2 protein chains.
Amino acid sequence: MEQQVSKSSTDSADADSGAEAAVGTSIGAAKSTSGSQSLADRLFLTLRSEIVEGRIAAGSKISEPELARRFDASRGSLREALMRLESLSLIERRVNVGARVVDLTERGLLEIYDVREALEGMACRLAAENRSEEDLVELRQMLERHEQQEELQKGTAYYQPEGDFDFHFRIVQASGNDLLIDTLCNKLYFRVRMYRYQLGMASPRAHRAFREHSHIIEAIEAGDGELAEILMRRHIRASRSNIENKLSKQN
Amino acid sequence: MEQQVSKSSTDSADADSGAEAAVGTSIGAAKSTSGSQSLADRLFLTLRSEIVEGRIAAGSKISEPELARRFDASRGSLREALMRLESLSLIERRVNVGARVVDLTERGLLEIYDVREALEGMACRLAAENRSEEDLVELRQMLERHEQQEELQKGTAYYQPEGDFDFHFRIVQASGNDLLIDTLCNKLYFRVRMYRYQLGMASPRAHRAFREHSHIIEAIEAGDGELAEILMRRHIRASRSNIENKLSKQN
DNA sequence: CCAACCAATATTGTCGACACTTTTAAAGTT
DNA sequence: AACTTTAAAAGTGTCGACAATATTGGTTGG
């Protein structure tokens, strides 16, 4: 029913971003290698990475002829890619005017947090209620991996948010609700990543976040959906408050 | 930031559905009348209505050349409309194979309810916290209108779900969170409508639903976000249970 | 000097045609 | 008769060109 979802959150981000190093690289080269994906698919993946990572600046105008030349593709295929980006709310299109990359606003970021609190809270509840043995093993392994990484980096200035991303990604997967999975992992998380890359949300919350993650997984293991949901919502709201503070200091 | 959202849920559904009565009606006729919308836009709106209302059967294959001929448009414009339908999860496309209307499954319907519980619960909480005087007036008026309609129809066999739809639509609008509004009103609700139309969810819950609506609005008026969220979640979960029972009896 | 108007340019929307893939149907073989 | 192979048909993906619209720059009038 839903689109493809890679098992790990990180590889889905890196798989395509590594494919295009130089600017003028032709996308069509991989025509025979990777089986069934269209040119528009590849354009979409490439542009998605470039927008998320800020290589195409937030708020900037997108010129169809220019991009088409750059990727050596027709405007038709490019337009298909742009429309998919629009459905992710990574760009905005206006009739007879053109497309712009969305700009990152404080309000938009806070709105995302409220939606995440609702959806991931539900995902966490469902994960606790429907958890499979396999999910439990993977969640536990992931937690131990993050603990080790945290030990290694103790004292370093900032905390790479990939661990946090993995955590949320996996729990959503464990919910078993395909609509929820698609909404979060294939849509909303790309905007989350865009904010993280470009506003550089390097939280000093590393240790605290790890403890919170740990408690959430315990609730899932115990099959306590109600508690799991409460803890996840508090976890996300704490993150939101943290950001809110940081933003208010900047202004 | 988000797309257009009409003030009422009903007119957004009727505005376009009424435009195309006969099958072969040309879409391009309205080119000069309604200002700035493209042919692909109109195709999208028309097809969306036809799919939601079941005039294009759930699960059926979609032929691009056939539809293009029928609406007297080029395949390019039609494809753009199809891609937007795909982003609403009203159709599914597979490379080099084509598009099919999604089919309605029991599981899919229950998944929607879980997502609605999460999102509308949050919307209700935000509406209670951010409510404007204008929102309160409109919500109260809507409730009175529904009460009158309920009186008129007392004893009739089934309950038109439009009132229920209006209720949820308005509360989401009052949340003030554009992402939430867009996700629910411009995306998810069309799938909800599709299930209602085609599986004919005529609830006998009319009276009970009205009482629940009333309590929810009271909580919003009182500015009690926590209670408003709890009540909305219970309201939706009750609806879900009701459907679940009905479905299990059919099988 | 500024504002409004107008022509020239660039960009988007739409279309029809061609290339490639999948599906269908027939022919042939075991 | 059933299965495989093969050719024809249909459908999708991609492209380049044309038409309609928005933007830019210059010109004119106040």
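A note on names: the letters A, B, ... follow the listed sequences, proteins ahead of strands, and every chain is numbered from 1. These numbers come from a predicted model, not from an experiment.
- Partners of B/Val102 according to the side chain to side chain contact (heavy atoms under 4.5 Å, CB included) rule, which considers only residues two or more places apart in sequence or in another chain, are B/Glu92, B/Met194.
- Here C/dC15 presents its C1' atom at 14 Å from CD of B/Glu64, a figure rounded to the nearest Å.
- Remark: C1' of C/dC15 and CG of B/Leu39 are 10 Å apart, rounded to the nearest angstrom.
- Protein atom CZ of B/Arg100 is 13 Å distant from nucleotide atom P of D/dG11, rounded to whole Å.
- The nearest whole Å value for the distance from the CG atom in A/Asn96 to the P atom in C/dT9 is 21 Å.
- Shown here are the side chain to side chain contact (heavy atoms under 4.5 Å, CB included) partners of A/Gln141, two or more places apart in sequence or in another chain: A/Val137.
- When the side chain to side chain contact (heavy atoms under 4.5 Å, CB included) test is applied to A/Ser63, the partners found at least two apart in sequence or on another chain are A/Pro65, A/Glu66.
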Practice item. Report the C-alpha distance between A/Asp114 and B/Arg125 in whole Å, list the side-chain angles of each, state the deciding distance to 0.1 Å, and finish with yes or no for salt bridge (Lys or Arg N to Asp or Glu O under 4.0 Å). Key: CA-CA 10 Å; A/Asp114 283 340; B/Arg125 167 188 291 268; over 6 Å; no

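- In this entry the distance linking CD of A/Glu86 with P of C/dT12 reads 13 Å, nearest Å.
- One interatomic measurement links the two molecules: CD1 of A/Ile62 to P of D/dA22, which rounds to 20 Å at whole-angstrom precision.
- With sequence neighbours excluded, the residues forming a side-chain hydrogen bond (donor to acceptor under 3.5 Å, both in side chains) with A/Arg75 are A/Glu64, listed by chain and number.
- Applying the side-chain hydrogen bond (donor to acceptor under 3.5 Å, both in side chains) criterion to A/Asp41, with sequence neighbours excluded, gives A/Ser38, A/Arg84.
- Comparing A/Val97 and B/Arg93 against DNA chain D, the residue whose closest nucleotide sits nearer the 5' end is B/Arg93.
- Contact check, B/Lys61 against C/dT22: no side-chain N or O comes under 4.0 Å of OP1 or OP2.
- Computed from coordinates, the B/Phe44 CZ to C/dG13 P distance equals 16 Å when rounded to whole Å.
- Near DNA chain D, meaning a heavy atom under 4.0 Å away, the residues from residues 75-85 of chain B are B/Arg75, B/Arg79.
- Rounded to an integer number of Å, the gap from B/Asp41 CG to C/dG13 C1' is 11 Å.
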